[in-house]
Protein chains: 2
Amino acid sequence: MSKKNGLPCAGGDPLALNRQLCFALYAASRAMTRAYQPMLQELDITYPQYLVLLVLWESEQSGGAGAEIGVGALGKRLMLDSGTLTPLLKRMEARGLLIRRRDSGDERITLVALTDGARGLRPRARDWVESQLDDSAVSRETLEQLRSGLWKLLEGLERSG
Amino acid sequence: MSKKNGLPCAGGDPLALNRQLCFALYAASRAMTRAYQPMLQELDITYPQYLVLLVLWESEQSGGAGAEIGVGALGKRLMLDSGTLTPLLKRMEARGLLIRRRDSGDERITLVALTDGARGLRPRARDWVESQLDDSAVSRETLEQLRSGLWKLLEGLERSG
DNA sequence: GATTTTTATATTGTGCACAATTAAATTGTG
DNA sequence: CACAATTTAATTGTGCACAATATAAAAATC
C-alpha cells in the first residue's frame with residue numbers, strides 16, 4: 001500500500017477521500033474553527049461574528065473610529081450574502097457589539113458600526129492570535145506557504161466560477 | 001502599502017483579514033464547495049452527502065460490494081459527529097442512496113450500506129473530478145503542495161486540540 | 001448476576017451558509 | 001415627469017455543524 005505523509009492514500013483511485021483537496025480544505029477549515037473556540041468562548045462570539053469584527057476593526061484602523069460599512073461591502077469582503085449576514089448582524093446588534101442604521105443618503109443600504117464594547121475585544125483577540133502563532137506546532141513558513149497557496153486557489157476558483 | 005500575491009495586506013496589523021490563515025481556509029473551503037455544485041446538482045446530493053459516498057465507495061473498492069460501515073467509523077473518517085451524520089444519513093436513506101440497519105451483534109451500532117442507485121453515481125462523479133483536474137486554473141503541483149500542507153496543518157491542530 | 005461504567009447513537013437547540021424570492025429605494029430612459 | 005430596469009437588503013426554506021443532553025446496549029466490576 002502506497003502512503004504519503006503517513007496517510008493511507010490508495011494510489012489508483014481518483015476518488016480516494018484522502019486524495020481529495022476539497023476534503024482536506026473542508027476538514028482543515030472546521031479544525032481551525034475548533035482551534036479558535038477557546039478565544040471565541042471567552043469573547044462570547046461565534047467564528048463568523050469574529051470575521052465581521054476583523055473587517056470592522058480593520059476599517060477603523062484605516063478610517064478612524066466610528067467607520068461604517070454597508071452590508072454589501074461587508075459581504076463582498078467575507079464572500080457572504082445578505083441571507084447569512086442579515087441575521088448574524090442582528091444577533092451581534094442584540095449582543096451590543098454593533099449598531100445597524102440606514103444610510104441617510106441611500107436608504108437601500110444598511111450601515112453597521114462598532115460599539116465601544118466590540119472595540120474592547122480587539123486587544124484580547126490580538127493577544128490570543130499572537131500567542132497561538134508562537135505556540136504553533138507548524139512552522140511559520142509552512143503557514144505562510146499555505147496561506148499564499150490558498151489565495152492562489154481562491155483566485156483560480158473565482159476565475160472559473 | 002505592502003502587497004503579497006496582489007492582495008492588500010496591511011503589514012503592521014496581525015489581525016488584518018487577508019493575513020489570517022483561518023479566513024483563507026474558510027473562504028477557500030466554501031469556494032471549493034461552490035465549485036462542486038454543478039456535479040452535486042446533477043447527482044442531486046449535497047456536498048457532505050458526497051463525502052459520505054466517497055467513504056462508502058472506497059469501502060467497497062477494498063471490501064467488496066455490500067460493505068457496511070458504522071456511524072462512528074464514518075464520523076471518525078469525516079471528522080463529523082452523530083449530531084451531523086444521523087439526520088444527514090436519514091435524508092440519504094430517504095433518497096434511496098443507502099440503507100441503515102442495526103448491527104445484529106452490537107445493537108448500539110447503526111450500519112450503513114450503499115444501494116445500487118448510489119453505486120451508479122460513482123462513474124459520473126469520477127469523470128467530473130478528472131475533467132476538473134484537467135481544466136484546473138491552478139497547476140497540479142500547487143494543488144498537491146496545498147493538500148500536503150493542509151494535512152500537516154490538520155495534524156498540528158489535532159495534536160494541540 | 002446485579003450494578004456501575006462506558007460506548008454508540010439519537011435528539012434538541014442554536015447559528016451559520018446559501019438558493020430563491022420579495023420588497024423597497026434608486027437609477028436610467030423616453 | 002412617468003416608468004421600467006437595476007441595486008440593495010431582508011425574508012423564507014433547507015441542510016449542515018456542533019454543543020449538550022438523553023437513551024439504550026454492552027462491558028467491567030463487584
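We name chains A, B, ... by the order of the sequence lines, and we start the count at 1 in each one. Basis for what follows: all heavy atoms, side chains included, without hydrogens, waters or symmetry-related copies.
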Exercise. For DNA chain D, which residues in residues 92-100 of chain A have a heavy atom at a distance below 4.0 Å?
Worked result: Arg100(A)
Exercise. To the nearest 10 degrees, how far apart in direction are the end axes of the helix from dG1(C)-dC30(D) to dG30(C)-dC1(D), each fit to five base pairs?
Worked result: 10°
Exercise. Just to confirm, is there a sub-4.0 Å distance from OP1 or OP2 of dT11(C) to any side-chain nitrogen or oxygen of Lys90(B)?
Worked result: yes
Seminar exercise, completed: Per nearest nucleotide of DNA chain D, the residue lying toward the 5' end, Val71(A) or Arg34(A), is Val71(A)
Shared hydrophobic cluster, [X] / [Y] (ILVMFWY, side-chain heavy atoms < 4.5 Å):
X         : Y         : value
Leu150(A) : Leu133(A) : yes
Leu54(A)  : Leu111(A) : no
Val52(A)  : Ile109(A) : no

Carboxylate-amine/guanidinium contact [X] [Y], below 4.0 Å:
X         : Y         : result
Asp127(A) : Arg124(A) : no
Glu60(B)  : Arg122(B) : no
Arg147(A) : Glu144(A) : yes
Lys76(A)  : Asp81(A)  : no
Arg102(B) : Glu107(B) : no

Problem set entry | Close side-chain approach of Arg30(A) to Met79(B), heavy-atom, < 4.5 Å | yes
Take the protein atom [atom1] of [X] and the nucleotide atom [atom2] of [N], then report the distance between them rounded to whole Å.
X         : N       : atom1 : atom2 : answer
Ile109(A) : dT26(C) : CD1   : C1'   : 10 Å
Asp106(A) : dA24(C) : CG    : C1'   : 11 Å
Ile69(B)  : dT9(C)  : CD1   : P     : 10 Å

Exercise. More 5' along DNA chain C: Tyr47(A) or Ser104(A), using each one's nearest nucleotide?
Worked result: Tyr47(A)
For this session: Kindly indicate whether the side chain of Arg108(B) and the base of dT9(C) share any N or O donor-acceptor pair separated by less than 3.5 Å?
Result: no
Exercise. Is a donor-acceptor contact shorter than 3.5 angstrom present between the side chain of Ser82(B) and the base of dA8(C)?
Worked result: no
Exercise. Quick check: does any side chain N or O of Arg95(B) sit under 3.5 Å from a backbone N or O of Asp44(B), one acting as donor and the other as acceptor?
Worked result: yes
Exercise. So, for Gly149(A) and Leu146(B), which heavy atoms are closest and what is the spacing to 0.1 Å?
Worked result: O-CD1, 3.6 Å
Heavy atoms only, 4.0 Å cut-off, all strands: where does [X] land among base, sugar-phosphate and nothing?
X         : value
Thr84(A)  : base
Gly72(A)  : sugar-phosphate
Gly105(A) : sugar-phosphate

Problem set entry | Positional range of nucleotides in DNA chain D within the contact set of chain B, heavy-atom, under 4.0 Å | dG15(D) to dA26(D)
